[in-house]
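Below: the structure, in structure tokens.
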Amino acid sequence: LFRCCSSFPMAYTPPVGEAAMFTGRYRDMVAYPEGYVYIEAVSAADPVVTIRGKKAKSDPQEWLLKGSVTASGELQVDFSPIGGPVKLTGKLDTNHSIIWADNTCWNLESSGQFEHTVPRT
């Protein structure tokens, strides 16, 4: 049985503007186990991110979405270009996986951007 994200889903809120905390390669092992998602910060000082991915490696073209880090440290993304909600928010858990407001989870597979220690509370 596959477990999504952390067994202790404690949320970690990155400081405002630290979109780089969300940067990395993720996978939704439940809905799209053959797909992937890349999140990239536009710049270190900007809260904007680009998100590109595929539901399956065999998909002919990647999709591209825009998102931003809110004042409360959540990632907010417009998924409407690929048939999802206009505003979906997600938070990092202690394993740097993203827990979305609709209870889906993107597990972090790789990133070179995590220089901060995530506090465990």
Side-chain angles (χ1 to χ4, degrees):
L1 180 63
F2 178 79
R3 269 197 120 133
C4 180
C5 304
S6 167
S7 57
F8 302 101
M10 296 177 282
Y12 167 66
T13 303
V16 175
E18 286 203 25
M21 290 298 292
F22 289 94
T23 298
R25 178 184 166 110
Y26 294 85
R27 187 175 303 228
D28 181 339
M29 294 301 294
V30 176
Y32 307 108
E34 296 298 318
Y36 62 85
V37 176
Y38 286 102
I39 299 178
E40 300 167 312
V42 172
S43 75
D46 196 330
V48 177
V49 297
T50 58
I51 302 167
R52 60 187 174 89
K54 291 184 177 187
K55 293 181 179 181
K57 292 177 186 175
S58 61
D59 288 353
Q61 187 173 346
E62 285 186 333
W63 42 260
L64 180 66
L65 305 172
K66 299 280 184 188
S68 63
V69 177
T70 67
S72 62
E74 295 179 320
L75 181 61
Q76 187 173 76
V77 179
D78 177 3
F79 283 93
S80 64
I82 59 171
V86 174
K87 286 185 181 178
L88 187 63
T89 57
K91 287 188 172 191
L92 289 176
D93 74 356
T94 56
N95 290 326
H96 297 289
S97 295
I98 300 173
I99 308 294
W100 294 98
D102 66 358
N103 291 320
T104 58
C105 175
W106 289 0
N107 293 299
L108 179 68
E109 290 192 327
S110 65
S111 175
Q113 298 295 322
F114 294 107
E115 299 173 2
H116 306 288
T117 302
V118 177
R120 294 192 181 264
T121 56

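The chain is numbered in sequence order, starting from 1.
In terms of heavy-atom proximity, His96 sits nearest to Met21 at CE1-CE, 4.2 Å. Contact detail for Lys66 and Thr50: the closest heavy-atom pair is NZ-CG2, 3.4 Å. The two residues Val49 and Ser68 make their nearest non-hydrogen contact at CG2-N, 4.2 Å. Taking every heavy atom of both residues into account, Ile82 and Lys55 meet most closely at O-NZ, 4.2 Å. Residues Cys105 and Ile99 share a closest heavy-atom pair of SG-CD1, 3.8 Å.
Side-chain atoms of Trp100 never come within 3.5 Å of backbone atoms of Gly90 as a donor-acceptor pair (strictly under, hydrogens ignored). Although no hydrogens or angles enter the test, the distance criterion places no donor-acceptor pair under 3.5 Å between the side chain of Arg27 and the main chain of Glu34.
Atoms CG and CD1, on Asn107 and Ile98 in that order, are 10.0 Å from each other to the nearest 0.5 Å. The distance from atom NZ of Lys91 to atom CD of Glu74, rounded to the nearest 0.5 Å, is 4.5 Å.
In this structure, the side chains of Val30 and Thr104 stay at 4.5 Å or more apart for every pair of heavy atoms. Put simply, the side chain of Ile51 reaches to within 4.5 Å of the side chain of Val37, judged on heavy atoms. Looking only at side-chain heavy atoms (C-beta outward), Leu108 and Asn95 stay at 4.5 Å or farther from each other.
Apart from Tyr36 itself, the hydrophobic cluster it occupies contains Tyr38, where clustering links Ile, Leu, Val, Met, Phe, Trp and Tyr at side-chain heavy-atom distances under 4.5 Å.
Neither Tyr32 nor Ile39 shares a network with the other; the hydrophobic side chains, linked directly or stepwise wherever heavy atoms of I, L, V, M, F, W or Y lie under 4.5 Å apart, form separate groups for each.
For Ser80, the side chain to side chain donor-acceptor pair (under 3.5 Å) partners two or more places apart in sequence, or in a different chain, are Asp78. By the salt bridge (charged side-chain N to carboxylate O under 4.0 Å, His left out) test, Arg25 is found to be paired with Glu109, residues two or more places apart in sequence or in another chain being considered.
Each of Leu88, Val69, Thr89 was compared with Gln76 under the side chain to side chain contact (heavy atoms under 4.5 Å, CB included) criterion, and only Thr89 meets it.
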